[in-house]
Amino acid sequence: MFRPDLRGKPVVVLSNNDGFIVSRTREAKALGIPDLAAYFQVEDLLRKHDVAVFSSNYPLYGDLSARVMTTLKSFSPNVEVYSIDEMFLDLDGIRTDLSTIGHDIKDTLWSHIRIPVGVGIAPTKVLSKLANRAAKAIPKANGVCVLDSPFKQQWLMQRMPVIKVWGIAKRLAIRLEAMNIKTAWDLANANPKIVRRCTSVCVERIIQELNGIPCLELEDEPGAKKQIYCTRSFEHKTTDLQPILNAISLYAARAAEKLRQQSHLVRTIHVFLHTSPFAPGYFDKAITVQLPYPTDDTRIITQQAKSAIAALYQPGHLFVKAGIGLIELLDKKFHQHDFWQQPQSAGNNSLMQVVDRINQRHGKGKIFLAAQGMSTPWAMRQCHRSPEYTTKWTDIPCVSA
DNA sequence: TCTGGGGTCCTAGGACCC
DNA sequence: TCTGGGGTCCTAGGACCC
């Protein structure tokens, strides 16, 4: 959208920390750049072919995603935002020709936002994911695929390896292969009960869905998270405890912030610390901690996370990553207090509210616990970050006369 | 030098209850 | 000779998604 000069050129996007390649344009794929390759391993190849490289920029993607979703919502009252770049729309009962709607959706998004999309329409979620794949892969489809007849479904499924089916990945594909199930069509025609016995109920549902029998509902209410994690690799590996304590304090604060956003309390946390799995002598330890009482207070969660890290830490290892998970959550509204235990005081609540409000108004991390430290040795590597064109005053593009 | 950061659901097995 | 039948909850690990 903001770099039309790159249209038709090879472009790749890197994971957090510029770790590896998570997204490629068609042109980059054609150059033989593999998916999920470690960046440093293909850097020369990228340079040789003059591939444009971008670090992940979630504020930008999140904002553009929200625009797309808002536009999509005008096409159906029932929608599920499935991920940052996918949405399911319930078209049940809509009388217009489905192919017309598909093209309308696609054209509207292009003209309003300049985001190209693929549209797949089918009786179930699994089939619509298949249709979406076809919409993008088959040039003649022109970005829209409607799987409205058994014949079309069969044609597509016979050409689709089973591993491309939504919900089937490497391990399941291996097991299915052993049962002589190689394509989506084979799976659709397999006996659901027998397959279930060798795999799980998930695969049984997929089989039903492939046959046009809905098993997966549209989840229009996103619902509160059941677990909240904050984990990061460090920019620089470290053998010292102090920078790790600072880092885990930051992660704990981030996680607590998310926790308060959904009005939950946490009772149990999970803290881990590890070295590089690619280096010899891999060290990976984790600890689960029961908090003294359910809380959403950053200070308490931070304290507990720090003690956990201190307990896990052993000198002599080169650590690359740590993280915290809030794993047992309670709805604040329905929290049953313990007669014998101190609950979180009202003062804590107000304090956290003030902290959140300041950070919302004046920018993330404006006010924080000293435990995080003043330097940021854990910062992310992002050498090729694009501007935040739509969410940062200084990055807004200028139009010159 | 260098390999992400989130999540969900399911299952098996253990431990326990009456 | 012979040892039931029906449950729950918890946890670790596996598998998948983006």
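Just so we're clear, the structure is a prediction, and the values are computed from it rather than from any experiment. Proteins get letters first, then strands, A, B, ... in listed order; numbering begins at 1 in each.
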Looking across every strand, which nucleic acid part, if any, lies under 4.0 Å from A:Leu14 by heavy atom: base, sugar-phosphate, or nothing? nothing
Calculate the interatomic distance between A:Glu209 atom CD and C:dC17 atom P; express it in whole Å. 14 Å
At less than 4.0 Å, is any side-chain N or O atom of A:Lys129 found next to OP1 or OP2 of C:dC18? Yes or no. yes
From the options A:Thr275, A:Leu318, A:Ile244, select the one residue that forms a side-chain contact (heavy atoms from CB on, under 4.5 Å) with A:Thr239. A:Leu318
What interatomic distance, in whole Å, is found between P of B:dT3 and the corresponding atom of C:dC18? 25 Å
Under 30°, 30 to 60°, or over 60°: which ring-plane class applies to A:Tyr313 and A:Phe319, parallel, tilted or perpendicular? tilted
A:Lys285 NZ/CZ over A:Phe283 ring centroid, <6.0 Å and within 45° of normal: yes
Is A:Leu172 touching bases, backbone alone, or none of the nucleic acid, heavy atoms closer than 4.0 Å? sugar-phosphate
From NE2 of A:His236 across to C1' of B:dT3 the rounded distance in Å is 17 Å
NA contact type, A:Tyr39, heavy-atom cut-off 4.0 Å: base, sugar-phosphate, or nothing? nothing
What is the distance from CH2 of A:Trp166 to P of C:dC18, rounded to the nearest Å? 8 Å
For A:Asp85, which contact category applies under a 4.0 Å heavy-atom criterion: base, sugar-phosphate, or nothing? sugar-phosphate
In this structure, how many angstroms lie between the P atom of B:dT3 and the NZ atom of A:Lys237, rounded? 6 Å
Ring centroids of A:Phe278 and B:dT3 base under 5.5 Å with planes under 30°: yes
Under 5.5 Å between ring centres and under 30° between planes: does that hold for A:Phe40 against the base of B:dC2? yes
Between A:Thr298 and A:Arg260, is there a side-chain donor-acceptor contact under 3.5 Å, judged purely by atom types and distance? yes
Can you tell me the distance, in whole Å, between the CZ atom of A:Phe20 and the C1' atom of C:dC18? 12 Å
What is the distance, rounded to the nearest whole Å, between atom CD1 of A:Ile206 and atom C1' of C:dC16? 9 Å
Is it true that the side chains of A:Thr391 and A:Asp63 contain a donor and an acceptor less than 3.5 Å apart? no
Is C:dA15 paired to anything, Watson-Crick or G-U wobble with both distances less than 3.5 Å, and if yes, which nucleotide? B:dT8
Could you tell me how far apart A:Gln41 (CD) and B:dC2 (P) are, to the nearest whole angstrom? 12 Å
Once you measure the plane-to-plane angle for A:Tyr58 and A:Tyr61, does it fall in the parallel (<30°), tilted (30-60°) or perpendicular (>60°) bin? perpendicular
Which is true for A:Glu86 with a 4.0 Å heavy-atom rule: it touches a base, it touches only sugar-phosphate, or it touches nothing? sugar-phosphate
In whole angstrom, give the distance that lies between atom CG of A:Leu46 and atom C1' of B:dC2. 14 Å
Treat primed atoms plus P, OP1 and OP2 as sugar-phosphate and everything else as base, then score nucleotides 5-13 of chain B 5' to 3': B for base contact with protein heavy atoms under 4.0 Å, S for sugar-phosphate contact only, - for none. SSSBSSS--
When A:Val79 is tested against each of A:Asp90, A:Leu218, A:Asp220, A:Leu89 for side-chain contact (heavy atoms from CB on, under 4.5 Å), which residue passes? A:Leu89
With a distance cut-off below 6.0 Å to the six-membered ring centre and an angular limit of 45° from the axis, does A:Lys125 pair with A:Phe88 as a cation-pi contact? yes
